[in-house]
Number of protein chains: 2
Amino acid sequence: MKLTTRGRYGLRAVIDLAVNNGDEAVALSQIAERQGISVNYLEQLIAKLKKAGIVDSIRGAQGGYVLAMPSEEISVGDILRALEGDLNPVDCHELNSNETPCSNSDICVTKYVWKRISDSINDAVDGIMLSDLVAESKRVQAEAGITQANQSKQIC
Amino acid sequence: MKLTTRGRYGLRAVIDLAVNNGDEAVALSQIAERQGISVNYLEQLIAKLKKAGIVDSIRGAQGGYVLAMPSEEISVGDILRALEGDLNPVDCHELNSNETPCSNSDICVTKYVWKRISDSINDAVDGIMLSDLVAESKRVQAEAGITQANQSKQIC
DNA sequence: TTAATACCGAGTAATTTAATAGGGATTAAA
DNA sequence: TTTAATCCCTATTAAATTACTCGGTATTAA
């Protein structure tokens, strides 16, 4: 019941991108360096984010990535589902209709449990917008007296 | 972000035990057969449940397992945490104080996300009692015209 | 004494994770 | 027009985890 490094690193990368966005695209190598993640691995993660329409890429020299939408319109749920797949606790047809229906769905009791867990997780992450995290990040960094230039690496 | 078979099988086993409990202990082999789970594997799962004080065992011939408490006092959260470990989405000191504190806790933004997810999962599973599932199970089985003797195996 | 049961620890195949590695395509700038 | 910076894509791999199996020991009712 743990997120993988895909979700953890990927969310941090999107926050980094959102915090450091300006007029120009942000190179992946910069995000990777600030976040202490290998460029090669981060490439795989950002590819998922691009496929999900969360970021756009600009190819060539001076290229990089930008948010595909305002950060107010991107939820943490959108980001985590892009990186991790669905956030359901089990693969169950009742939660995810692209699963093959369970032969004992009519007498299944645990499906109510899975539905409650699933709904609570998705409601929680859909209720946090990227803009909230950007604001919090700026607040916390200002409080710690850390400038954008020398911000230290995150671990979590 | 998925539960393992430990949580899925184990929860089904506890529900089975609760539904089929009477004056006598229920042998693991019976639960295993009804639920279509190997006895050897189920042994490992029920050992965790016993260690957590959710079930008690009676050794020797005609022995088996019984609930250690009334089903009204056992939450799904108790059961799943016994089987899966904590239900937090990440190993983070803010959620689980036996983790070593994160060196960048002061500037960590994602911890707010993990806390919200963690709380929502734990609140959800702690709000469902085993007795609720037993009642639901009996209702569903009666509706399907299935007697206790020939109940079919569950898959989920 | 026997059979039914719980208890225990070691081993293992398959899968997933968390990367690494290396090359190709595109484009701004020198 | 070349170069360097950048995104893009696929293959490989070591380590960890999962989901078991296997074989034995201990206990106790009948």
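Reminder, nothing fancy here: chain letters follow the sequence lines and each chain counts from 1.
- Between B:Asn40 atom CG and C:dA6 atom C1' there is a gap of 12 Å when expressed in whole angstrom units.
- Taking CG of A:Asn88 as the reference point, atom CG of A:Asn96 lies at 5.5 Å (rounded to 0.5 Å).
- Following rounding to the nearest Å, B:Lys2 (NZ) and C:dT15 (P) show an atom-to-atom distance of 18 Å.
- Using a 3.5 Å distance cut-off with no hydrogens or angles, the side chains of A:Ser120 and A:Asp123 do not pair a donor with an acceptor.
- Considering only the side chain of B:Tyr41, D:dC20 comes nearest among D:dC20, C:dA28, C:dT17.
- Distance, A:Leu3 CG to C:dA18 P: 10 Å, rounded to whole Å.
- D:dC8 atom P lies 12 Å from atom CG of A:Leu49, rounded to whole Å.
- Dashed line: the shortest gap from a side-chain N or O of B:Lys50 to OP1 or OP2 of C:dC7 is under 4.0 Å.
- No N or O donor and acceptor, one from the side chain of A:Glu43 and one from the base of D:dC7, sit under 3.5 Å apart.
- Atom OH of B:Tyr65 is separated from atom C1' of D:dT27 by 12 Å (rounded to the nearest Å).
- Dashed line: the shortest gap from a side-chain N or O of B:Thr5 to OP1 or OP2 of D:dT18 is not under 4.0 Å.
- Atom pair A:Ile58:CD1 and D:dA5:P shows a separation of 18 Å (rounding to whole Å applied).
- Across the protein-nucleic acid pair, B:Lys51 atom NZ and C:dC8 atom P stand 10 Å apart, rounded to whole Å.
- Side-chain to base pairing of A:Arg59 with C:dA25: one donor and one acceptor N or O lie within less than 3.5 Å of each other.
- DNA chain C is contacted by both A:Gln44 and B:Gln44; B:Gln44 maps to the nucleotide lying nearer its 5′ end (nearest heavy atom per residue).
- Residue B:Leu28 is grouped with residue B:Leu67 when hydrophobic side chains (ILVMFWY) are merged at heavy-atom distances under 4.5 angstrom, including chains of intermediate members.
- B:Leu28 comes within 4.0 angstrom of the backbone, heavy atoms only, and of no base.
- Using modelled atom types and a 3.5 Å distance limit, the side chains of A:Asn20 and A:Asp16 yield a donor-acceptor pair.
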